Amino acid sequence: MNWDVLLDFSPLADNGDKLLTAFWATIRISLTVAVLSLLIGTLITAMRVSPIRVLRIAGGFYVNTLRNTPLTLVLLFCSLGLSDTLKFKISGTSTVNFFWLAVIGMSFYTAAFIAESLRAGINTVPMGQAEAARAIGLTFTQSLRMVIMPQAFRAVVAPLGSVMIAMIKNTTVVLVASYYEAASLMKDMFEQYGATLPIFIGFAVGFMCLTLPTGFFFGWLAKRMQVAR
Amino acid sequence: MHRDRIGTSPLLPPQAFDVRFTHMTESGKEAREAEVSGGGPLVVLENVNKYYGELHVLKDIDLTIHRGEVVVVIGPSGGGKSTLCRTINRLEPIDGGTIRIDGKALPEEGKALAQLRADVGMVFQSFNLFAHKTILQNVTLGPIKVRKTDKTEAEQRAMELLERVGIASQAEKYPAQLSGGQQQRAAIARALAMRPKVMLFDEPTSALDPEMVKEVLDVMINLAAEGMTMVVVTHEMGFARASANKVVFMADGQIVEENTPGEFFTNARSDRAKDFLSKILTH
């Protein structure tokens, strides 16, 4: 056994700039997906509790479909299906195009999990809150926006943190959608140097640098935003 | 939010008649009411029926509440008192009959219903203050978002109301930081901020510790004295005696007796009411 190769950290040190670029790509896609998936997830949740039956059914269908489809499939559909087969291009520049296709796939996928968390949050809001909102003349949309959703969000900050951590780790799958980020670099480095322990450790630590603070942040936020009843 | 059923029960009598009836009376009624103004009918329930599945919770309810009148609804638990109160702003949709407020039939779900609810104040047994908003924000939310009142003006008026119910010093606190009695007074202020035509009280003191009942009742007694039209579901006989113009006794989904408080408590007409009163007044 060649211990020198197994414990050789030099590939990481030699590729410092590439590592930073790759993890920056991971951060960029994570942040964009976080924002978009929260928006879509909120919208889907609103549909699922709406008084209009068709919207409720559509929302339920969305969540059940996306939540039960492997992310790889969703991303392959976005990159190969949308871009290559259907010639749906967001941008002429290949990197920009694949970035947004990966964002779209991941956002729609993650939104299903966010919607499910949020719906659990809505169930923690007592019935009386909605009744009081309606009793002062707020419309359904207004009471959802001003009374129910703010409280539902506060109740599920911590679970949303878990969804976000999962999402950050899921960005490693976008290499199938031709977007170059940390996992793509890792794969390249494995091919160049062999799958050595230091490279594994290096990337694991890199991801922890993103996910651990995310977890702490959401934990802190959950405490801060908690609604006393 | 899930409780409203749009559409109707198969048990329901044909509605075509009700709709036509409302239309015919509306224009004439408005004209008449303009003349009468003081003391005219404000809330009119006609032949109201409601079912929870098989259970017939409101049976042919006819009730007229006049402007400035304080109507106390009492009766045994499960008799339909709260349901009756909640049908007036359609928190509970009805399965038959008509409810008119100020001459207008209650609209179906939607913007028109929201507008109508803005004119009907409601105070709940469990206060239902918005838990994520301060007391002041609770009171100003409706005026700002529904009445489109300017924020400063809404806050000024809210502070006046909080002053009136005696909790102005709590304005910046959150509901959970207040006692039950204070929360209920805040809830009354929140309802009053909409300048409602009528106030509904659904067992406003039932969830309160005994020593806090009085502070809430005092606010209600003052409100009644100022001429607010009120429908109060309560077990507080003292309030009924002090402030009610009319006592409505409900049991098994029916209005068994309508009477003045003086007559009702000393000389109830129905046996059912006599029986109820003997159980609650003899100790």
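Every value quoted in this text rests on a predicted model; they were computed, and no experiment measured them. Lettering follows sequence order; numbering is per chain, from 1.
Around atom CZ of R195(B), no more than 12 heavy atoms belonging to other residues, nucleotides or ligands sit under 6.0 Å away. Under a cut-off of 6.0 angstrom, the local environment of CZ in F108(A) is sparse, with at most 12 non-hydrogen atoms contributed by other residues, nucleotides or ligands. Few gaps surround CD on E160(B); more than 12 heavy atoms of other groups in view lie less than 6.0 Å from it. Heavy atoms from other residues, nucleotides or ligands lying under 6.0 Å from CE of M208(A) number 12 at most. Annotation: Q177(B), atom CD; neighbour count of heavy atoms from other residues, nucleotides and ligands within 6.0 Å is above 12.
Among residues 118-142 of chain B, the residues having any heavy atom closer than 4.5 Å to a heavy atom of chain A are, in sequence order, A118(B), V120(B), M122(B), F124(B), N128(B), L129(B), F130(B), A131(B), H132(B), K133(B), L141(B), G142(B).
The two atoms that bring Q142(A) and K148(B) nearest to each other are NE2-NZ, 4.3 Å, heavy atoms only.
Here the OG1-NZ distance, from T141(A) to K111(B), works out to 7.0 Å after rounding to the nearest 0.5 Å.
Looking at M146(A), the atoms closer than 4.5 Å to chain B (heavy atoms on both sides) sit in the backbone and in the side chain alike. In this structure, chain B has heavy atoms under 4.5 Å from both the backbone and the side chain of V147(A).
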Between R90(B) and R134(A), is the side chain to side chain contact (heavy atoms under 4.5 Å, CB included) condition met? List the steps. CA-CA 10 Å; R90(B) 209 175 187 273; R134(A) 289 188 300 165; over 6 Å; no

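Within the 4.5 Å cutoff, the side chain of I136(A) has no heavy atoms near those of the R117(B) side chain.
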